[in-house]
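Below is one structure, written out as structure tokens, with a few remarks after it.
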Amino acid sequence: FNHELFETLLNHDLFSQEEMERLTERQREFEERRKGLSPILRRKEKERFAIDLSWKSSQIEGNTYTLLQTESLFKEGKHTKGNTKAEAVMLLNHQAALDYVLNKPDYFRELTVQKNLEIHRFLTKGLGIPNKIRSGRVGITGTNYKPLAKANQIQKALQDLCDLINSKRNVLEKAFIALLLIAYIQPFEDGNKRTARIICNALLLPNKYCPISFRTVEPEDYRYATLLFYEQNSIPSFKKIFMEQLEFSTANYF
């Protein structure tokens with residue numbers, strides 16, 4: 001675990017001027033297009049976004065529901081044969097977490113440890129995962145990276161993360177750091193990356209930024225970029241995913 005990461009991320013701009021101009025332009029196009037949507041269409045777009053993000057976030061974690069099956073689960077309550085109950089619960093938990101975030105976006109203008117715990121609680125309900133700061137070692141498949149093991153150290157790292165995010169003025173940096181570091185800290189026994197993806201969106205919404213569904217990212221690419229950051233603290237692969245998915249979302253939702 002590299003404690004110097006926090007200072008490095010605090011003192012450096014994570015996006016170049018060219019990258020910021022590119023993303024800002026996509027955001028402007030999104031805002032202009034959104035002006036013409038009626039309340040009914042906005043509600044439908046929220047539903048579509050929730051289905052896409054819940055499906056993709058769960059797929060990254062190994063969930064075998066298809067996108068169409070996820071839509072049937074959300075809209076008609078249809079559980080499919082061949083899929084486990086836990087897979088359906090995982091998807092529905094994403095829906096509950098997103099509803100919470102979408103319905104009170106201003107709540108996440110400032111991030112706290114407690115708010116991380118709240119999102120984690122939504123995402124892990126009914127899955128037998130403790131909703132508390134982890135104590136003890138955790139191994140991560142495919143890497144030798146070893147996160148912090150003591151609860152007090154993990155608690156401090158999570159607080160340091162919140163302080164770092166709250167100190168940043170750039171909203172995109174806030175969201176990107178949450179996506180990276182919640183997974184890196186591994187504050188919970190399970191559900192860390194899911195929590196990171198929802199918190200990432202929770203930080204975008206108060207500032208009217210388009211949320212990110214991760215709809216077109218390949219799970220293998222996401223995992224590779226995550227492991228590369230764990231082992232080498234290398235950002236470019238994950239930043240490429242973040243930027244591509246933000247551009248996809250601004251072009252396709254709301």
Side-chain angles (χ1 to χ4, degrees), residues 30 41-105 107-108 115-129 131 175-176 178-179 182-183 188-206 209-223 225-226 238 241-242 244-254:
F30 160 74
L41 287 177
R42 287 192 184 192
R43 177 178 56 79
K44 288 185 176 180
E45 281 297 284
K46 281 185 179 181
E47 292 174 354
R48 186 167 72 93
F49 172 80
I51 290 169
D52 283 358
L53 174 54
S54 300
W55 166 69
K56 179 55 69 170
S57 179
S58 298
Q59 185 193 53
I60 290 170
E61 302 306 315
N63 195 301
T64 60
Y65 263 74
T66 66
L67 180 57
L68 289 177
Q69 289 169 339
T70 302
E71 183 178 18
S72 295
L73 176 67
F74 281 20
K75 292 186 174 181
E76 304 165 30
K78 287 185 178 179
H79 295 255
T80 59
K81 295 180 180 179
N83 299 103
T84 67
K85 179 181 177 181
E87 287 182 308
V89 170
M90 180 188 288
L91 289 160
L92 293 170
N93 284 353
H94 275 83
Q95 184 184 41
L98 282 168
D99 283 346
Y100 183 69
V101 167
L102 289 167
N103 289 328
K104 53 188 305 186
Y107 181 59
F108 290 91
K115 290 172 186 177
N116 277 279
L117 282 159
E118 288 173 16
I119 294 301
H120 182 261
R121 183 176 69 248
F122 276 108
L123 289 168
T124 57
K125 183 179 179 181
L127 294 175
I129 300 168
N131 177 231
F176 183 53
L179 198 60
I182 293 173
F188 311 111
E189 289 186 11
D190 199 0
N192 295 288
K193 293 192 296 297
R194 280 168 270 172
T195 301
R197 288 187 285 272
I198 300 300
I199 292 290
C200 166
N201 279 307
L203 293 167
L204 291 170
L205 288 165
Y209 274 80
C210 182
I212 305 174
S213 71
F214 301 96
R215 170 73 171 75
T216 62
V217 70
E218 290 296 329
E220 293 80 8
D221 293 339
Y222 192 101
R223 295 185 197 115
T226 301
F238 215 107
I241 288 173
F242 178 86
E244 288 177 348
Q245 294 307 306
L246 182 61
E247 290 183 295
F248 172 84
S249 290
T250 54
N252 287 279
Y253 297 108
F254 303 100

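In this chain, residues are counted from 1 in sequence order. We use all heavy atoms of the structure for the numbers below, so side chains are in, but hydrogens, waters and symmetry mates are not. Note that this is a predicted model, so its numbers are computed, not measured.
For Y209, there are no side-chain hydrogen bond (donor to acceptor under 3.5 Å, both in side chains) partners at least two apart in sequence or on another chain. Listed by chain and residue number, P130, R134 satisfy the side chain to side chain contact (heavy atoms under 4.5 Å, CB included) test with E189 (two or more places apart in sequence, or in another chain). The ring pair (Phe, Tyr, Trp, His ring centres under 6.0 Å) search around F74 returns none, not counting sequence neighbours. The ring pair (Phe, Tyr, Trp, His ring centres under 6.0 Å) check on Y100 picks up F122, with sequence neighbours excluded. Checked against salt bridge (Lys or Arg N to Asp or Glu O under 4.0 Å), K46 has no partners two or more places apart in sequence or in another chain. With sequence neighbours excluded, the residues satisfying salt bridge (Lys or Arg N to Asp or Glu O under 4.0 Å) with K78 are E76. Under the rule for a salt bridge (Lys or Arg N to Asp or Glu O under 4.0 Å), the partners of R215 that lie at least two apart in sequence or sit in another chain are D52. Annotation: side-chain hydrogen bond (donor to acceptor under 3.5 Å, both in side chains) contacts of R42 (sequence neighbours excluded): none. With sequence neighbours excluded, no residue forms a salt bridge (Lys or Arg N to Asp or Glu O under 4.0 Å) with K85. For S72, there are no side-chain hydrogen bond (donor to acceptor under 3.5 Å, both in side chains) partners, not counting sequence neighbours. In this view, H94 and S57, S58 satisfy the side-chain hydrogen bond (donor to acceptor under 3.5 Å, both in side chains) rule, not counting sequence neighbours.
Under the salt bridge (charged side-chain N to carboxylate O under 4.0 Å, His left out) criterion, the residue pairs touching residues 245-254 are R22-E247, R26-E247, with sequence neighbours excluded.
Between the side chains of Q245 and S213, no donor-acceptor pair is found at a separation under 3.5 Å. Side-chain atoms of T195 and N192 include no donor-acceptor pair closer than 3.5 Å.
The shortest side-chain heavy-atom distance between C200 and F242 falls under the 4.5 Å cut-off. Contact annotation: the side chain of L53 approaches that of I198 to within less than 4.5 Å [non-hydrogen atoms, C-beta and beyond]. With a 4.5 Å cut-off on side-chain heavy atoms, I119 and K115 do not count as touching.
Counting all heavy atoms, side chain and backbone alike, T80 lies closest to Y65 at N-OH, 3.5 Å.
Between K44 and E47 there is no salt bridge, since none of the side-chain N atoms of the basic residue sits less than 4.0 Å from a carboxylate O of the acidic one.
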| said: Pair E45, R48 - check salt bridge (Lys or Arg N to Asp or Glu O under 4.0 Å), show working. | reply: CA-CA 5 Å; E45 281 297 284; R48 186 167 72 93; 2.8 Å; yes
